Each structure stands twice: as structure tokens, then as C-alpha cells.
Q: 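Below you'll find the structure I mean.
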Number of protein chains: 2
Amino acid sequence: MKLTSKGRYAVMALVDLAKFNDINPVSLRDISLRQGISLDYLEQIFSKLRKKAIVQSVRGNQGGYVLNKKANEIKLTNIFDAVDEKVKTVRCKKESKKGCNGKPTKCLTHNLWDELENHINDFFEKKSLEDLIKDNIERRI
Amino acid sequence: MKLTSKGRYAVMALVDLAKFNDINPVSLRDISLRQGISLDYLEQIFSKLRKKAIVQSVRGNQGGYVLNKKANEIKLTNIFDAVDEKVKTVRCKKESKKGCNGKPTKCLTHNLWDELENHINDFFEKKSLEDLIKDNIERRI
DNA sequence: CAGATACTTGACTAATTTAGTCAGGTTTAT
DNA sequence: ATAAACCTGACTAAATTAGTCAAGTATCTG
């Protein structure tokens with residue numbers, strides 16, 4: 001049960017973006033340097049974030065990225081969803097007619113994994129980018 | 001963020017075991033047939049469960065496995081721990097002197113991942129095998 | 001004691017996923 | 001014009017997963 005670095009990076013980069021977002025857009029190059037994430041990889045990640053309208057891009061010289069919503073409107077769920085970081089506790093959901101384990105019934109623990117999934121998603125649903133930034137400032141004091 | 005099938009199988013197999021555990025020990029072969037898990041794979045899993053004293057083995061003809069503790073004393077944590085299903089939200093913990101991302105400071109989101117880890121582990125800590133079995137019986141009625 | 005049943009161990013492997021890199025663009029401010 | 005920065009898609013090495021396979025050892029039952 002582990003988080004992929006794509007998901008982690010997406011969140012890190014957005015916190016960085018929100019933090020340094022003043023008048024000018026923030027360039028991926030700067031984020032790359034500050035957070036130690038490869039520029040190429042960041043581009044992949046931001047392409048997805050843009051498609052899901054979480055950020056907006058500003059092209060050309062002195063361009064970069066800007067948040068497309070207020071920080072308190074961006075939940076972790078939205079971020080993870082954008083970069084395809086999904087919470088998959090079970091395999092056995094898609095086989096339409098069969099249950100899990102190839103049998104007509106649901107597996108003994110099917111309900112458990114659903115609960116777990118909800119439990120984790122709750123966490124993601126409650127945390128917004130703003131929370132993270134606040135947390136970050138407090139910590140520094 | 002996903003659960004491996006080793007962890008899932010371990011829990012499924014133990015619920016099955018607890019359910020059919022009357023006078024005789026339960027053979028892996030039976031579990032394999034009922035739950036649709038390969039016998040060889042089950043053997044690997046039960047070897048680990050035995051080492052962590054979650055089950056006891058009974059050798060010989062009509063042998064099999066028995067729970068080594070009461071069902072309400074076996075938490076999901078114990079099971080996952082036994083089969084090395086760990087909750088790893090972050091990579092950046094072991095590099096003793098450095099923080100995450102190779103810098104001397106912690107990454108912007110370090111605290112978040114810790115929280116997430118605790119949130120998930122809470123869930124595992126609270127659920128016991130007994131809960132699962134009860135849940136299973138209720139559901140059938 | 002013979003044989004079957006069932007546990008035990010360890011090595012091996014195919015497939016998948018992850019975590020990127022690389023190359024070759026396009027757009028736009030100055 | 002040109003440089004900074006975005007944009008896209010293909011590619012790949014390494015790690016992990018999800019098992020399989022083979023060769024045992026222990027012990028109950030007849």
C-alpha cells in the first residue's frame with residue numbers, strides 16, 4: 001500500500017506554486033530547482049493538472065503556471081484524480097457479472113476494502129491546498 | 001495507492017479460516033478451493049502468518065491451520081505486518097541526515113504524508129478479524 | 001510400515017508498473 | 001529574431017508483484 005511519487009510530486013509542486021504565486025506566474029524550472037523534481041517529469045504532471053483545470057498556463061517568455069482556483073477549493077482528491085493517483089484497494093470491481101475471485105458471490109472481505117477506500121478518500125476530500133500552506137507557515141514559526 | 005493481493009489474500013484466507021474453524025484444522029487446499037487462491041501462493045502467505053504466531057500449523061493427514069489467538073485479538077495491522085504489506089506514503093524517511101528531496105529541510109508536504117499514514121493505520125488498528133466475521137454473518141441474513 | 005495428505009522452503013520468472021528520460025516540437029514576450 | 005517556457009508522445013531501465021515450480025519433511029491412518 002504505497003503512494004506513487006507522481007501523486008506526491010503533484011502535491012508538492014502545487015504547494016510550491018501556491019506559495020510563490022504573487023504577480024508573475026511560476027515557472028516549472030523554478031519549481032524543479034526548489035523541489036528537486038526533474039523538469040521533464042514536472043511537465044508531464046502539469047499537463048495533467050492543466051487538463052483538469054487545476055492550473056492555468058501562461059506561455060512565452062516569463063511564462064509559467066498559475067492556480068486556476070482558490071487554494072481552499074482545491075482538495076487533495078482533485079489533485080490525485082488529475083494525475084491518476086487512485087485509491088485501489090480491490091481488483092474485483094469491474095468484472096461485471098462475476099463477483100470477486102471469479103465466483104458469483106462477493107468475496108468475504110469485499111465490504112472491508114470498500115470501507116478502507118472510503119476511509120482514505122475521506123482524508124483526501126477534507127484536505128485542501130490551503131490547509132497545507134497554512135500548516136507549512138505555522139511550522140516555520 | 002493500492003493494496004497488493006498478498007495483503008488481500010491474507011485477510012480473505014484468515015476470515016475463511018476463522019469461519020470454518022470448528023474441531024478440525026482447516027487445510028490450505030480447502031481455502032484455496034473456496035477462495036480461488038492458488039495453493040502455492042497460500043503456502044507462502046501462511047508461512048509468514050505462522051512465523052508471526054497468528055496461526056498454528058497441524059501437520060500430517062487431516063492437518064491444516066488453526067488460529068493462534070482469538071479472532072478479536074487479531075487486528076488487520078497484525079495481518080498486514082506479517083505479510084509485509086506496509087503503508088508507505090513517503091520515501092523520504094530513512095535518509096538519516098538529509099530531509100526529503102535531498103535537501104537539508106523536510107519537503108513541504110512531509111507532515112501531510114505522516115498524517116495520511118496515521119489515518120490509514122488507525123483503520124487497520126481498529127478492525128479485528130472478529131469484526132469481519134460478524135460483518136459477514138450479518139450480511140448473509 | 002506404507003502411503004497419502006499436508007505442511008515447508010527456496011529458487012525462479014513473466015508481467016506489470018513506476019519513475020523517469022529524451023527528442024522534437026509550438027507559443028509568445030521582448 | 002530569439003530565447004524562455006510550455007507541450008507532446010514515445011521510449012526504457014529498474015523495481016515490484018503475483019505467482020509457479022520443484023523438492024522436500026512431518027505425521028496421521030490403515
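Everything quoted here is computed from the prediction, not taken from an experiment. To find a chain, count down the sequence lines: A is the first, B the second, and so on, and within it residues start at 1.
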Q: For A:Y65, which contact category applies under a 4.0 Å heavy-atom criterion: base, sugar-phosphate, or nothing?
A: sugar-phosphate
Q: Without decimals, in angstroms, what is the distance between A:L28 CG and C:dT26 P?
A: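 Taking atom P of C:dT26 as the reference, CG of A:L28 is at 20 Å.
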Q: Hydrophobic clustering (ILVMFWY, side-chain heavy atoms < 4.5 Å, transitive) - are B:V58 and B:L49 grouped together?
A: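 Shared cluster, no.
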Q: Please check the phosphate of D:dT17 (OP1 and OP2 only) for any side-chain N or O of B:S5 closer than 4.0 Å.
A: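 Checking B:S5 against D:dT17: no side-chain N or O falls below 4.0 Å of OP1 or OP2.
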Q: Identify whether B:V66 and B:I79 are in the same connected component of the hydrophobic contact network (ILVMFWY, side-chain heavy atoms under 4.5 Å).
A: no
Q: Count I, L, V, M, F, W, Y as connected when their side-chain heavy atoms are under 4.5 Å apart, and connections chain through other members. Are A:F123 and B:I120 then in the same cluster?
A: yes
Q: For B:S57 and C:dC7, is the shortest distance between a side-chain N/O and OP1 or OP2 below 4.0 Å?
A: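 No, no such contact exists.
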Q: Between C:dT17 atom C1' and A:K86 atom NZ, what is the distance in whole Å?
A: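 The distance from NZ of A:K86 to C1' of C:dT17 comes to 14 Å, rounded to the nearest Å.
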Q: B:D84 CG to D:dT17 C1': how many Å, rounded?
A: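 Rounding to the nearest Å, CG of B:D84 and C1' of D:dT17 are 13 Å apart.
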Q: What is the distance, to the nearest angstrom, from the CD1 atom on A:I45 to the P atom on C:dT21?
A: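 The distance from CD1 of A:I45 to P of C:dT21 comes to 11 Å, rounded to the nearest Å.
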Q: For B:N61, what residues pass the side chain to side chain contact (heavy atoms under 4.5 Å, CB included) criterion, not counting sequence neighbours?
A: none
Q: Does this structure show an ion pair linking B:E115 with A:K127, if we count only N-O contacts that are shorter than 4.0 Å?
A: yes
Q: When the distance from CD of A:E85 to P of C:dG20 is rounded to whole Å, what number comes out?
A: 13 Å
Q: Which residue lies toward the 5' end of DNA chain C, A:N61 or B:R29, if each is placed at its nearest nucleotide?
A: B:R29
Q: Starting at CG of A:L116, measure out to CG of B:L3 and round the result to the nearest 0.5 Å.
A: 6.5 Å
Q: In whole Å, what is the span from the NZ atom of A:K48 to the C1' atom of C:dA19?
A: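 Checked: the NZ to C1' distance equals 12 Å.
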Q: Specify the separation, in whole Å, of atom CG of A:L3 and atom C1' of C:dT17.
A: 15 Å
Q: Would you say a side-chain N or O of A:R50 is under 4.0 Å from OP1 or OP2 of D:dA5?
A: no
Q: To the nearest 0.5 angstrom, please state how far the CG atom of A:L14 sits from the CG atom of A:L132.
A: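 Reported to 0.5 Å precision, the distance equals 9.5 Å.
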Q: Output a table of nitrogen or oxygen pairs between the protein and nucleotides 20-25 of chain D separated by less than 3.5 Å.
A:
| from | atom 1 | to | atom 2 | distance (Å) |
| --- | --- | --- | --- | --- |
| D:dT20 | OP2 | B:S38 | OG | 2.4 |
| D:dT20 | O4 | B:Q44 | NE2 | 2.7 |
| D:dT25 | O2 | B:R59 | NH2 | 3.2 |

Q: Please determine whether a side-chain nitrogen or oxygen atom of A:Y9 lies at a distance below 4.0 Å from atom OP1 or OP2 of C:dT18.
A: no
Q: Within this structure, what is the CD1-to-C1' distance between A:I37 and C:dT21, rounded to whole angstrom?
A: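 Those two atoms, CD1 and C1', are 16 Å apart.
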Q: More 5' along DNA chain D: A:M1 or A:F46, using each one's nearest nucleotide?
A: A:F46
